[in-house]
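Accompanying notes for the structure given below.
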Amino acid sequence: MRHLVTLSDVSAAEIRRIFSIADDLKSKFAHGLREPLLPGRVLALLFEKQSLRTRVSFEAGMVHLGGSSIMLGEDAGFGKRESVADFARVLSEMVDVIVVRARKHATVEEFAKHAACCVINGLTDLAHPCQALADLFTLQEHFGELAGLRLAWVGDGNNVARSLVKGCGHLGVELIVCTPKGYELDANFVKQARREFPKLELTTTHDPVAAVRDASAVYTDVWASMGQESERDQRKRDFADFQVNEKLMAEAGDDAVFLHCLPAHRGEEVTDEVIDSPRSVVIAQAANRMHVQKGILVWLLAATA
Ligand code: CP
Ligand code: NVA
């Protein structure tokens, strides 16, 4: 049984396969063609946190592929009526694939351990693998190839940043992670990532100007992720010098694009001028979530067949 809990669950060749399926389905979609590659298949979505992009991209994608989906909200009683293991054992007898968005990463790991069908991580406190895949797909689409690209992350060393480390490690993209002091990527995580990806080109810094110099893309995310709302005021102070604004973008390469996983807190981590500028590819990046989810679903279900 294959799962996608983190990007350690896939190889570089499998990511390329996912991108190739996504690319093919995206161009067919643009021509009005929706190839029913997963007829009769059922996807369940189990979300402990809010979502627009992840939920809708999976649901719409599943419909395009000829399958269907079931959104399980509060009334399913996940985490309240029965154990995570029992929930996973039962639900996975009835559906083919389950996307779980959980407050704690350990919940998705526990869920996958007991599920009899494929489980996909739809975001946890530690990882957002589907997001990082869509981000790298977007860069590949924009620049034609990933080799030689330099991606600058300016912000929190959070779930999205961690998944980008692994994605870049797989695909050979240079990554600079720039955070305020105290918000760095977890040191043990970095140590393990360097072991897992011996060729990983990862630099960490606290200097945003140095980070974005010669970057092909500048990426930021909210300063306080879901679940960290009570830290928002403190974080606003700690991240004040890490805003992606026109002055910072001027330090990046002339062709550099701006990325954000969204939702954005405009006026905090990014200004309107940057996110609405011609350099910003955030809407294409969000739209690619759907094309890449389709690639993930088709690949994962074929890999498990
Ligand atoms: N980027 C992302 O995962 O968005 P949602 O939280 O809306 O799913
Ligand atoms: N880091 C953000 C990403 C949202 C898609 C969060 O976890 O809330």
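Only this structure's heavy atoms are used, side chains among them; waters, hydrogens and symmetry mates stay out. Each ligand, and each atom within it, is numbered from 1 in the order the structure gives.
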Inset, instruction - Return each pair, listed once, that meets side chain to side chain donor-acceptor pair (under 3.5 Å) where at least one residue sits in residues 139-150; pairs must be two or more places apart or across chains. - result: Lys26-Glu141, Glu141-Asn288, Arg150-Glu174
Inset, instruction - Output the set of protein residues with a heavy-atom contact under 4.0 Å to ligand 1, ordered first by chain identifier and then by residue number. - result: Ser51, Leu52, Arg53, Thr54, Arg101, His128, Gln131, Cys261, Leu262, Arg289
Inset, instruction - Establish whether Val95 and Trp299 are linked, either directly or via other cluster members, by ILVMFWY side-chain heavy-atom contacts under 4.5 Å. - result: no
Pairwise, report which nitrogen or oxygen atoms of ligand 2 are under 3.5 angstrom from protein nitrogen or oxygen atoms, and how far apart they are.
from: ligand 2; atom 1: 1 (N); to: Asn158; atom 2: ND2; distance (Å): 3.3
from: ligand 2; atom 1: 1 (N); to: Asn159; atom 2: OD1; distance (Å): 3.0
from: ligand 2; atom 1: 1 (N); to: Asp221; atom 2: OD2; distance (Å): 2.7
from: ligand 2; atom 1: 1 (N); to: Ser225; atom 2: OG; distance (Å): 2.7
from: ligand 2; atom 1: 7 (O); to: Asn159; atom 2: ND2; distance (Å): 2.8
from: ligand 2; atom 1: 7 (O); to: Ser225; atom 2: OG; distance (Å): 3.4
from: ligand 2; atom 1: 8 (O); to: Met226; atom 2: N; distance (Å): 2.8

Inset, instruction - Describe, in one word, how the ring planes of Phe111 and Phe78 are oriented to each other, choosing from parallel (under 30°), tilted (30 to 60°) and perpendicular (over 60°). - result: perpendicular
Legend entry - Partner set under salt bridge (charged side-chain N to carboxylate O under 4.0 Å, His left out) for Glu35, not counting sequence neighbours: Lys28
Legend entry - Quiz item: cation-pi between Arg162 and Phe189, 6.0 Å / 45°: yes
Legend entry - Any donor-acceptor pair under 3.5 Å from Asn159 side chain to Thr124 backbone: yes
Inset, instruction - Taking the side chain as every heavy atom from C-beta outward, state whether Val165 and Trp153 have any atom pair closer than 4.5 Å. - result: no
Inset, instruction - Would you please indicate yes or no on a ring centroid separation below 6.0 angstrom for His291 and Phe29? - result: yes
Inset, instruction - Could you check whether the rings of Phe239 and Tyr183 sit parallel, tilted or perpendicular, using 30° and 60° as the cut-offs? - result: tilted
